[in-house]
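A short write-up of the structure that comes next.
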Amino acid sequence: MTETLRHLLAHLYDVRGLIEWGGTVLVCAVVFVETGMFVGFFLPGDSLLVTAGVFAGAGQLKLAYLLSAVTLCAIAGDQLGYLIGWRAGKTLYQRRDSRFFKRRHLERAHEFYETYGGKTIILARFVPIVRTFCPPVAGAAKMSYGRYLLYDIVGGFAWVWGMVLLGFTLGRTIPNIDKRIHYVIVGVIVLSFLPAAYHAWKVRAPKGTSASALKGAEPQED
């Protein structure tokens with residue numbers, strides 16, 4: 001079972017192979033699962049979109065079809081996640097950990113939601129793992145669906161179009177970049193984790209600042 005899972009993950013993270021094999025349809029499927037189902041938190045959404053954009057820039061995928069279809073799937077996936085959270089309510093946080101579900105990821109998304117409110121729906125699109133668990137958190141919090149949908153549409157367009165057009169631009173301006181796609185993928189992975197790192201730093205920074213301020217405020221003995 002473990003060996004089978006390793007082979008599956010190896011194939012899933014071979015984003016170039018995935019696109020060559022399944023094209024836009026497979027990109028849509030991966031994006032839908034990553035945004036709409038808990039089991040999709042480990043899928044390579046960012047790198048897949050940028051790589052698909054590179055392929056489109058090289059003329060191997062149709063850009064207009066890629067943008068429209070993937071955006072629709074990204075938004076549809078989030079609606080499923082929101083529905084799961086809405087129906088589960090607070091019991092969502094009582095679910096036990098499993099191979100494909102980690103409560104710490106849900107709690108991280110909840111913390112993100114508590115910090116940024118409605119803007120989380122847009123910001124979370126650019127944060128791996130958080131974007132998978134954010135829609136259920138919003139649903140469980142009973143966020144107004146109209147408000148959620150508006151934020152989600154904006155976030156869906158920003159994420160998909162931003163990533164795909166970045167790859168498309170690279171594919172059009174850098175010769176033979178499709179032959180060095182692994183460098184692009186590594187760069188995207190590093191950049192995609194920067195928002196999460198910044199958020200973690202921001203959460204910890206005030207505590208350190210407060211502690212320093214209190215220390216400085218202590219009366220000094222003569």
Side-chain angles (χ1 to χ4, degrees), residues 1-84 99-101 105 124-136 152-153 155-172 174 176-193:
M1 178 67 180
T2 304
E3 194 63 29
T4 303
L5 188 60
R6 285 179 182 172
H7 282 297
L8 177 61
L9 289 174
H11 286 299
L12 285 173
Y13 281 90
D14 178 15
V15 292
R16 177 172 181 165
L18 285 175
I19 296 171
E20 288 176 341
W21 181 68
T24 300
V25 173
L26 192 56
V27 175
C28 287
V30 170
V31 167
F32 179 82
V33 173
E34 188 196 12
T35 56
M37 304 178 185
F38 291 131
V39 296
F41 72 88
F42 61 87
L43 293 174
D46 294 324
S47 54
L48 186 67
L49 290 180
V50 173
T51 305
V54 170
F55 273 67
Q60 298 180 44
L61 294 176
K62 294 182 179 179
L63 181 63
Y65 177 51
L66 178 68
L67 287 170
S68 56
V70 177
T71 301
L72 181 61
C73 288
I75 295 171
D78 267 15
Q79 307 318 299
L80 176 60
Y82 179 88
L83 179 62
I84 291 172
R99 188 184 296 273
F100 296 108
F101 176 83
H105 297 326
R125 286 287 192 180
F126 299 90
V127 184
I129 299 176
V130 173
R131 66 169 156 261
T132 301
F133 289 87
C134 180
D152 191 51
I153 290 173
F157 270 93
W159 180 52
V160 174
W161 285 57
M163 293 294 174
V164 171
L165 291 178
L166 171 61
F168 181 81
T169 303
L170 292 174
R172 281 296 180 93
I174 303 177
N176 299 318
I177 192 173
D178 57 319
K179 308 295 188 207
R180 303 178 181 84
I181 198 67
H182 52 286
Y183 293 118
V184 177
I185 293 170
V186 170
V188 170
I189 291 172
V190 171
L191 290 174
S192 65
F193 278 97

Counting only pairs under 3.5 Å, give me each side-chain donor-acceptor contact of residues 69-76, with atom names and distances, residues two or more places apart or in other chains.
residue	atom	partner	partner atom	Å
T71	OG1	L67	O	2.6
T71	OG1	W161	NE1	3.1

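- Smallest separation of non-hydrogen atoms from S68 and A64: OG-O, 2.9 Å.
- For the pair V160 and L49, the tightest heavy-atom approach, listed with the atom from each and the gap, is CA-CD1, 4.1 Å.
- Minimum heavy-atom separation, D152 to Q79: OD2-NE2, 2.6 Å.
- Within the 4.5 Å cutoff, no side-chain heavy atoms of L18 are placed close to those of V27.
- The shortest heavy-atom contact between G36 and I84 is O-CD1, 3.8 Å.
- Evaluation of the salt bridge (Lys or Arg N to Asp or Glu O under 4.0 Å) test over residues 54-83, restricted to residues two or more places apart or in two chains, returns D78-R125.
- Residue L63 holds its CG atom at 8.5 Å from CZ of R172, rounded to the nearest 0.5 Å.
- Looking at T24, L48, L26, V30 one by one, the single match for side chain to side chain contact (heavy atoms under 4.5 Å, CB included) with I19 turns out to be L48.
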